[in-house]
Amino acid sequence: MNEIKFRHSANPLVIFGAGVFSELPAMIDDIGNNILIVRGASSMDNNPAWNDFIAALAKRSIRVHELRAEGEPSPEAADEAAEEFRRKSVHGIVAVGGGSAIDLGKAVSAMIPQKGSIEQFLEGVGTSKYDGFKVPFIAVPTTAGTGSEATKNAVISRIGRGGYKKSLRHDNLIPDIALIDPALSLTCPPEVTAASGLDAFTQLLESFVSPKGSPVTDGLARSGMISFAGSFERACADGSDIGARSGMSYAAYCSGAALANAGLGAVHSLAGELGAIRAVPHGVLCGILAPAGHRANIDAMKKLPGKYLSTLEKYSEAGGILSGKVPRGWEDGCGMLVSVMDKWTSDCGLPALSDAGYTAKELEEAAVKAENKNNPVPLSEGERLAILMKNFK
Ligand SMILES: [Fe+2]
């Protein structure tokens, strides 16, 4: 056994289970009586639990401000909301929705105590150091995907030419409470279930093979993949299956907790660059790129099996988990992994990148700008472009 050494940050409190949403008013009461609720574009619109929740807050004389997250948060959206709710002196923020709502809530909670624009604190964009001060923040996911309820970053997007997707990051940005109620995802439409699920899976697999991983993140990723394997197809086929929804919510939480510490690899880097060019859902991009991206990693490592044996064995283990079969050696397991991912991508009917509106020139630009950070093996620009071109019809 090698020496064990790691640094791991995590939520102070995670509450998980169908029905735990009813505990939220009491938690908000502990924070204060002037609260901002950030919601997704349509999150909870037709859910009767929402009216009960608002009534419970009124009963406790809690003043509620509401903000809708329209798409992935831009720097302007974060700045405007921070300015408004700084003036209104909110005591805390609760985000109820998918990754966009949670990231917007996180960003606003961070920016209320700061001066200036969020852009100055974004990695790779600004030069100021974010000090970690924020107002209390509770994350309540209604989709099973980004795992933002467990991560330490808020992704801010400027989409279009010269655009970016960059993070505001700090250990303190991990939500103070992650309240995960799988029943809230029962009304999530099949296409969002599939895309969000593929995002969660990509995060689990990239964390699992990351050189920055630890025994803790390996355990989270392994547990998340086992849960994912037993739930993904079921949740896509029957959205009302609470067991499958529960398994997906758990897998998504594990993916966030793992990636917050192990980081992500080339697939996410490429998905980030493409997502900055066009407003294609992040999960769709992850689903499109994951099979070719991991195949490229496996092929690159196969050239030096002595150096990369432990990672190839991890890919093989993931193949065994997903296929439910015992691999006969790592090559067999890697093959199982790639074929299961190919099947998901075709079952989910994901578009080719060209059908999603991308041009060959845009793919070239994305391949140049993408990085190998936390990828198990360095990929050349040409190898990154080949991943993209495999999905360009
Ligand atoms: Fe992701």
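As the structure is a prediction and not an experimental result, all values here were calculated from the model. Counting convention: from 1, in listed order, for ligands and their atoms alike. For reference, positions follow the sequence shown, starting with 1.
The shortest distance between side-chain heavy atoms of R234 and R245 does not fall below 4.5 Å.
Note on the Fe ion (ligand 1): protein N/O/S atoms under 2.8 Å are D199 OD1, Q203 OE1, H268 NE2, H282 NE2.
Taking the six-membered ring where tryptophan is involved, the planes of F21 and W50 are essentially parallel, since the angle between them stays under 30° and well short of 60°. The aromatic rings of F232 and F228 sit parallel to each other, their planes meeting at less than 30°, with 60° as the upper class boundary.
Interatomic distance, F137 CZ to D176 CG, rounded to the nearest 0.5 Å: 8.5 Å.
In terms of the ring-ring contact (aromatic ring centres under 6.0 Å, His included) criterion, H91 has no residue partners (sequence neighbours excluded).
Salt-bridge check for D52 with K59: failed, with every basic side-chain N at 4.0 Å or more from each acidic carboxylate O.
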